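Chain identifiers are assigned alphabetically (A, B, ...) following the order of the sequence lines, protein sequences preceding nucleic acid strands; residue numbering begins at 1 within each chain. All values derive from a computational prediction rather than experimental measurement.
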Number of protein chains: 2
Amino acid sequence: MTETETLDRNRPETATATGGERKRGIDRVIILLEALLRQRAPMRVGDIARRIGAPRSTTYEIVNRLLEADMLETVGTDGHVYFGRAMHLFGWAYSHHNAHYPRIIETLDRLAAETGETVQLCSLRGNKYVVLDCRDSAGPFRISSQVGVEVPIPWTASGRLLLSHMDEDAVRAFIPPEDYRLPDGRWLPQEEFLAAIALARQQGYSESAALADRFTWCLAAPILDGRGAMTLTLCFVLPIDTPEARRIELLALLRERAASLGLVGE
Amino acid sequence: MTETETLDRNRPETATATGGERKRGIDRVIILLEALLRQRAPMRVGDIARRIGAPRSTTYEIVNRLLEADMLETVGTDGHVYFGRAMHLFGWAYSHHNAHYPRIIETLDRLAAETGETVQLCSLRGNKYVVLDCRDSAGPFRISSQVGVEVPIPWTASGRLLLSHMDEDAVRAFIPPEDYRLPDGRWLPQEEFLAAIALARQQGYSESAALADRFTWCLAAPILDGRGAMTLTLCFVLPIDTPEARRIELLALLRERAASLGLVGE
DNA sequence: CATTTTTGTCCGATATACTAGACAGCGCGT
DNA sequence: ACGCGCTGTCTAGTATATCGGACAAAAATG
């Protein structure tokens, strides 16, 4: 049994607080940061200790060191901490390492501004889907999405595109069985998912209605990187009652913009 | 100055990083990430080890752990690593924790789009100045700025604003003496700097010509947070030959937009 | 006011994370 | 071919980082 199982993304997050084990500081740090990301709000040291199953003394030690390094910062007056400025800089460096990341963001902005719809930049993280950035629609019934929250791949239109480089066996091995269970409790048949991937591959886009929830219609188009790999998608999240004519129009726009971002690669 | 000194502002010791000192993994991680930030480019593990003064075996151990956690990711085929996706998510969470951060970014975008000039969002990190985000002017002689690079506070117009809540003694204690030495070798008299801070406080903006370099004219205006503290500034970086009339116009625009971002606090 | 819970800090003991060094495989220049 | 430098992995030994628990002070509770 390897102790590196610690931060695996499949962890149900509740248990695993099995005390008694001694862990490396670096592991604690990683677990701590991921716990903060899940919480999406400042936490107090005591709560963090409980959440990550670490001794209080250890947690104080680590939190204080991270505060010194600006990777965490205190929020408010009663001992809450959250991500610090250094994280912003590291993240910025990550994003902008890809030389045309600014162009992608500009496209995201323009799509949102021109259409007024919710637009997302999506990708994979491990065997989960994540939103890397988004622009929320401004309407009264805004559909907003959470950057950084991990979602089972089968729940998403983008996921079908992002897996389209894999063959069926690879997909079967990659997706944990429980991820086929949709939020409403239905089970998505694996064969249906595989067929959807094949369709996405063939069409060069993906569309899903009432998949992750009953109220949204998602359109996704791939951004090809310099080597032709498909690691990012642009995605519209529309109200499900969006008229077909508009959906078609938006899909065309999305595909055009996404395509224009690719190929220019290194 | 040896590179192994990295950027620890608090620990005066270290110095001979080559010595056989044993360090905690968590410290290594922090030093490693800051080294990567400075480098602003993917590095190979061997180079990292040398740069941060850590044993190779330790460096491999740490890098592999961070790769697992997605805090680093491999770039290319020959063992280069750089920040990973998790960093983006942590940094995004940091930025957007402030509820009106999106409004600030939108303002940054609009200022850049409307004026075509370089615009920056600035702040402090420890006793240094950093650019948190920027939009570079598109002109042929673009003045571009590096997000995340730490700069001595006296070199910047924004710095004068960001220190305006301190009294003179506090400033004297806060700024390391060598930071008064400008990039061209001139020494900025401390009294002159203190006077500039007082002026900035009184005017509610700050302006500097040919300070950090001979070719730029900087305009900075504060963004007040919910409690009236001044932790962020908006800043134009103009070519030094920008006509006065235009500078006045831009300053007014900048102050207006920056002011409109404040006060709406929590 | 008394009682309970939580916070932040400190300390000694010991399990272990880090280090030094070795090793095989690879690429490169001569 | 050879030597040289670099990479990535592995191992054993020990300096030390982590842990449990204790403590006072501060909040929360009744």
Side-chain angles (χ1 to χ4, degrees), chain A residues 1-7 16-33 35-36 39 41-69 71-82, chain B residues 3-4 6 8 10-11 13-14 16-33 35-36 39 41-69 71-82 84:
Chain A
M1 128 154 164
T2 50
E3 63 287 348
T4 49
E5 296 172 2
T6 50
L7 90 148
T16 342
T18 66
E21 287 199 17
R22 183 170 176 154
K23 283 216 171 98
R24 303 198 291 178
I26 171 172
D27 291 329
R28 299 281 191 206
V29 168
I30 290 167
I31 294 170
L32 189 161
L33 294 175
L36 259 191
Q39 185 75 7
M43 298 175 76
R44 278 178 306 171
V45 185
D47 294 326
I48 294 176
R50 211 170 308 117
R51 169 72 61 91
I52 69 177
R56 255 162 26 83
S57 54
T58 305
T59 309
Y60 272 101
E61 169 72 23
I62 289 177
V63 166
N64 286 331
R65 186 67 188 86
L66 293 178
L67 285 171
E68 254 181 68
M71 291 178 59
L72 295 181
E73 83 187 19
T74 61
V75 176
T77 57
D78 52 351
H80 285 82
V81 298
Y82 202 51
Chain B
E3 305 166 299
T4 46
T6 66
D8 50 355
N10 299 327
R11 266 157 311 151
E13 36 92 2
T14 53
T16 60
T18 56
E21 282 192 24
R22 183 170 174 153
K23 279 211 170 109
R24 303 198 289 177
I26 171 172
D27 290 328
R28 300 278 191 209
V29 167
I30 289 168
I31 294 171
L32 189 161
L33 294 175
L36 258 191
Q39 186 75 9
M43 298 175 76
R44 278 178 305 169
V45 185
D47 295 326
I48 295 177
R50 211 169 309 116
R51 170 71 61 88
I52 69 177
R56 258 164 23 86
S57 53
T58 305
T59 309
Y60 272 102
E61 168 74 22
I62 289 177
V63 166
N64 285 332
R65 187 68 187 86
L66 293 179
L67 285 171
E68 255 181 67
M71 291 178 61
L72 295 181
E73 86 188 18
T74 61
V75 176
T77 58
D78 51 352
H80 285 81
V81 299
Y82 202 52

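- Salt-bridge annotation for A:Glu61 and B:Arg24: present, with a side-chain N of the basic residue lying under 4.0 Å from a carboxylate O of the acidic one.
- Summarising the geometry, the separation between NZ on B:Lys23 and P on D:dT18 is reported as 15 Å, rounded to the nearest angstrom.
- Rounded to whole angstrom, the span from the CD1 atom of A:Ile26 across to the C1' atom of D:dT18 amounts to 15 Å.
- What separates CD1 of A:Ile31 from C1' of D:dT18 is a distance of 14 Å, to the nearest Å.
- Here A:Tyr60 pairs with nothing under the ring pair (Phe, Tyr, Trp, His ring centres under 6.0 Å) rule; sequence neighbours left out.
- Rounded to whole angstrom, the span from the CZ atom of B:Arg28 across to the P atom of D:dA17 amounts to 11 Å.
- Legend: residues meeting side-chain contact (heavy atoms from CB on, under 4.5 Å) with A:Ser57, ordered by chain and number and at least two apart, are A:Pro55.
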Shorter than 3.5 Å, N or O on both sides, protein versus nucleotides 8-13 of chain D: list them out with atom names.
residue, atom, partner, partner atom, Å
D:dG8, OP2, B:Tyr60, OH, 2.8
D:dG8, N7, B:Arg56, NH1, 3.3
D:dG8, N7, B:Arg56, NH2, 3.4
D:dG8, O6, B:Arg56, NH2, 2.9

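- One finds a salt bridge joining A:Asp27 and B:Arg65 here, because a Lys/Arg side-chain nitrogen approaches an Asp/Glu carboxylate oxygen to under 4.0 Å.
- The side chain of A:Arg24 has C:dC18 as its nearest neighbour among C:dC18, D:dT18, D:dG20.
- Note: NE2 (A:His80) to C1' (C:dT7) measures 13 Å, nearest angstrom.
- Across every non-hydrogen atom of B:Pro42 and B:His80, the tightest pair is O-CD2, 3.5 Å.
- Between the axis at the start and the axis at the end of the helix from C:dC1-D:dG30 to C:dT30-D:dA1 there is an angle of 50°, using five pairs per end and rounding to 10 degrees.
- Contact of the B:Val81 side chain with the B:Arg44 side chain is not registered, since no non-hydrogen atoms from C-beta on lie closer than 4.5 Å.
- At least one side-chain heavy atom of B:Met71 sits less than 4.5 Å from a side-chain heavy atom of A:Leu33.
- Residues that satisfy the side-chain hydrogen bond (donor to acceptor under 3.5 Å, both in side chains) test with B:Asn64, not counting sequence neighbours, are absent from this structure.
- What separates CD1 of A:Ile48 from P of C:dT7 is a distance of 11 Å, to the nearest Å.
- Rounded to an integer number of Å, the gap from A:Glu61 CD to C:dT9 C1' is 11 Å.
- Partners of B:Glu73 by salt bridge (charged side-chain N to carboxylate O under 4.0 Å, His left out), not counting sequence neighbours: none found.
- The separation between B:Met43 atom CE and D:dC6 atom P is 14 Å, rounded to whole Å.
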